[in-house]
Asker: 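Attaching a single structure in structure tokens format; questions to follow.
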2 protein chains.
Amino acid sequence: MANEELDYRKMSILKAVIDDYIETQEPVGSRTIAKKYDMGLSSATIRNEMADLEELGYLSQPHTSAGRIPSEKGYRLYVDKLMKLEDKLGFEPTAEELEDVKVRMQHEIGEMSDQIRVASELVSRLTEYTSIAISGAADGTQRIKALQVVPVEPGKALAVIVLDDDSVKNAIIQHDKAISPETLMKVSTHCNLLFAGHRVEEISMNMINSVSEATGVARTALMPVIDGIFECIKKAADTEVHTEGAVKFLSHPEFSDVGKAKGILELLNREDLMIDLIKECSTSDGLVIRIGSENKIEGLNECSVVTATYSVNGVKLGTIGVLGPTRMDYPRVVAALEYVRKRLTGGSNLEAPEGMAMLPGGGSAEITEVK
Amino acid sequence: MANEELDYRKMSILKAVIDDYIETQEPVGSRTIAKKYDMGLSSATIRNEMADLEELGYLSQPHTSAGRIPSEKGYRLYVDKLMKLEDKLGFEPTAEELEDVKVRMQHEIGEMSDQIRVASELVSRLTEYTSIAISGAADGTQRIKALQVVPVEPGKALAVIVLDDDSVKNAIIQHDKAISPETLMKVSTHCNLLFAGHRVEEISMNMINSVSEATGVARTALMPVIDGIFECIKKAADTEVHTEGAVKFLSHPEFSDVGKAKGILELLNREDLMIDLIKECSTSDGLVIRIGSENKIEGLNECSVVTATYSVNGVKLGTIGVLGPTRMDYPRVVAALEYVRKRLTGGSNLEAPEGMAMLPGGGSAEITEVK
DNA sequence: GTTAGCACTCGACGCAATAGAGTGCTAACA
DNA sequence: TGTTAGCACTCTATTGCGTCGAGTGCTAAC
């Protein structure tokens, strides 16, 4: 705990101010610090130090006769050096909750890898903030586990592919009625042999010749089927987003103005923006914290984002981001994301949590500083 | 246009009051009516009539020196007898919008029948209110078009079923590794033959014997596979909900209080409640309007719901409901739902709209009165 | 039956006075 | 030299009060 321009006492006071502000959401005055946090100093001394901290840019004043609130620079120092993580979840998920999550992770399957979606729900519940999940790598490196063309009715079929994160993509195919179900199955089997185990990015249009030759189906008749398969692959390459707990923004006093709240919720609906937001942070493998205007999305200047990317057995499941007001409870958010990491990467077996002992005790070398 | 207790003049005035209130969202006074709506009457006369209307329960006063606002009884009469529907959409969807909708309806496929979901998006955009869509019949009467078990990797497979509304359900299967892909295919083919064309409700557990006998696979080994298929069927029987434009609630002055808005948005997230809400109205085939406390959900007393159920070729696609403040623009909502009906039931070909000439001209025998 | 006129009611708005929280500064103190 | 007590000052939030205006209900005249 050292800093080029701040001594121990200043840092203690800064930490106390931010802790208190996170807790109360109100500007904090020198008297409060002197009384609530036992520093052995009078309010006057703390006042002087706070004036210094303001001059250095770590704190600011909404107006002359109010207490201080942290600046972005203050938060930055706080998350990098000051905050304590122990015991920040405050409560443990109940056994039922865990059982529920466990069941859903094992049994459900859908467009997005459900593990990451369920994890996102859990994070939102633990933190009381909005959580945004984006699916897997979505960079073409996912592998295809299986592919099948299912005949549905004359002239109609369904293309299905399963990816390595167990997510499923499908697309309807309208084809020439002359193609029999048997022929479709033959095409299906051939394509499966051809693609299974390969990366999405490796699949090219040239395959159509090979399939046509191997199955004896005319190229033109085959086109719709191939198109359907490609549509699946295109879907696999699309990043998917899932937002959980958007309403929670309305609980924060920062957004008690309906106009502001509306602005944020509208942004949350913009999937393209959210993908950018989370993806930009997901380059690193550790936790990434972006404070206030550090994220580049217009209208999210008063928000912070904390993201964590999850992989199981080398397969990138996706990235979960927590979005909340700049004054969010960073320790709690970091604790929640770390907690979920243990749950996910420790295999799919969700045991009862052993409290927060698993979390890094004090400072946090694990947090990657961005920008 | 007749009513046991109201003469023509009273009804005209009531209609004028409600039209104006829907437009301005402010209590409307006698002077406004006299000036804006050319009735050939002085404000004093209208004042007297309005006092009568209040006494009869069609209008009410927020406070002594304010204008009148419609009561639920007033709205009821309005939607049943008074409102005019012509030209209420006010604008037509642009060609690009229609093209977009068309493309999505044809190409996408997913858990919920996409037609109904895309239609719901359109309704929300046309009305500027929140739209809630629930999927198909979900009463066990849907037919299975196709069923297939897709081998994914040793010990893992995927069950896929396609229903008659072209929605797809799937479930992951963890099975005995001893079952080879070939055996799985055999099971798959057998089940498909057994189930295709049948209703979901007809499928019973007894099938396991038949499948076991026909394929020569031991019953116990077959269990996980059958379970997977049943999970699909269970999903098919689950009603799915899709909410569109929830944020739009924040645009209505009625919900400029964040607490109120939060309450509503939280209700909107309660899928079970929304299903009940929409389902309850979807018994009828026509449009159903529920005003204020006519719907039974606590916390939705200040909201109205208008629902329409859509079927194509006898297959029930689902029900779309519009949820908005009691003071919603009923004519516009009805017009939008009817417009979408023409689009959906007129086949999937979405031509450019021919204006609102297609809408019923005046009174609306098509609207089912509930309760 | 309709209308003009008028007194009355009640919320919305603007303004000034007040209370309270917190600061910065100065002077005294260890 | 660093710390603290005291005090004047600043600024916000709240409250109370007077005014304005919209709209009503009632009465009397047409």
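Chain letters run A, B, ... following the sequence lines, proteins first and then strands; every chain starts at 1.
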Asker: Tell me the interatomic distance from B/Arg47, atom CZ, to D/dA22, atom P, rounded to whole angstroms.
Answerer: 14 Å

Asker: Taking 5' to 3' order, which nucleotide of DNA chain C is first and which is last to have an atom within less than 4.0 Å of a heavy atom in chain B?
Answerer: C/dT2 to C/dG11

Asker: Using atom CG of A/Asn48 as one end and atom C1' of D/dT1 as the other, report the distance to the nearest whole Å.
Answerer: 13 Å

Asker: Would you find a donor on one side and an acceptor on the other, under 3.5 Å apart, between the side chain of B/Ser43 and the backbone of B/Ser30?
Answerer: no

Asker: Nearest whole Å is fine: how far is D/dG2 P from A/Glu49 CD?
Answerer: 11 Å

Asker: Salt bridge or not for B/Glu280 and B/Lys296, using N-O below 4.0 Å?
Answerer: yes

Asker: With a 6.0 Å cut-off on ring centres, are A/Tyr75 and A/Tyr330 close enough?
Answerer: yes

Asker: With no hydrogens and no angle check, is any side-chain donor or acceptor of B/Thr130 less than 3.5 Å from a backbone partner on B/Gly245?
Answerer: yes

Asker: For the pair B/Thr24 (side chain) and B/Asp20 (backbone), establish whether a donor and an acceptor sit closer than 3.5 Å, ignoring hydrogens and angles.
Answerer: yes

Asker: Using a 4.0 Å heavy-atom cut-off across all strands, classify A/Ser43 as base, sugar-phosphate, or nothing.
Answerer: nothing

Asker: Indicate yes or no: does A/Glu294 engage A/Arg76 in a salt bridge with an N to O separation below 4.0 Å.
Answerer: yes

Asker: Mind checking whether B/His252 and B/Tyr129 have parallel, tilted or perpendicular rings, split at 30° and 60°?
Answerer: tilted

Asker: Measure the distance from CG on B/Leu41 to C1' on D/dC30 and round it to the nearest whole Å.
Answerer: 16 Å

Asker: Between D/dT3 atom P and A/Ile46 atom CD1, what is the distance in whole Å?
Answerer: 11 Å

Asker: Once you apply the 3.5 Å cut-off to both distances, tell me the Watson-Crick or G-U wobble partner of D/dT27, or none.
Answerer: C/dA4

Asker: Polar-atom pairs under 3.5 Å, protein N or O versus N or O of nucleotides 9-20 of chain D: list them with distances, or write none.
Answerer:
{"residue": "D/dC11", "atom": "O2", "partner": "A/Ser65", "partner atom": "OG", "Å": "2.9"}

Asker: Going through the distances and angles, do B/Glu302 and B/Lys260 end up as a salt bridge (Lys or Arg N to Asp or Glu O under 4.0 Å)?
Answerer: CA-CA 10 Å; B/Glu302 296 180 28; B/Lys260 243 182 187 173; 3.3 Å; yes

Asker: Between B/Arg332 and B/Glu128, does any NZ, NE, NH1 or NH2 come within less than 4.0 Å of an OD or OE carboxylate oxygen?
Answerer: no

Asker: Separation of B/Gln61 atom CD from D/dG23 atom P, in whole Å?
Answerer: 11 Å

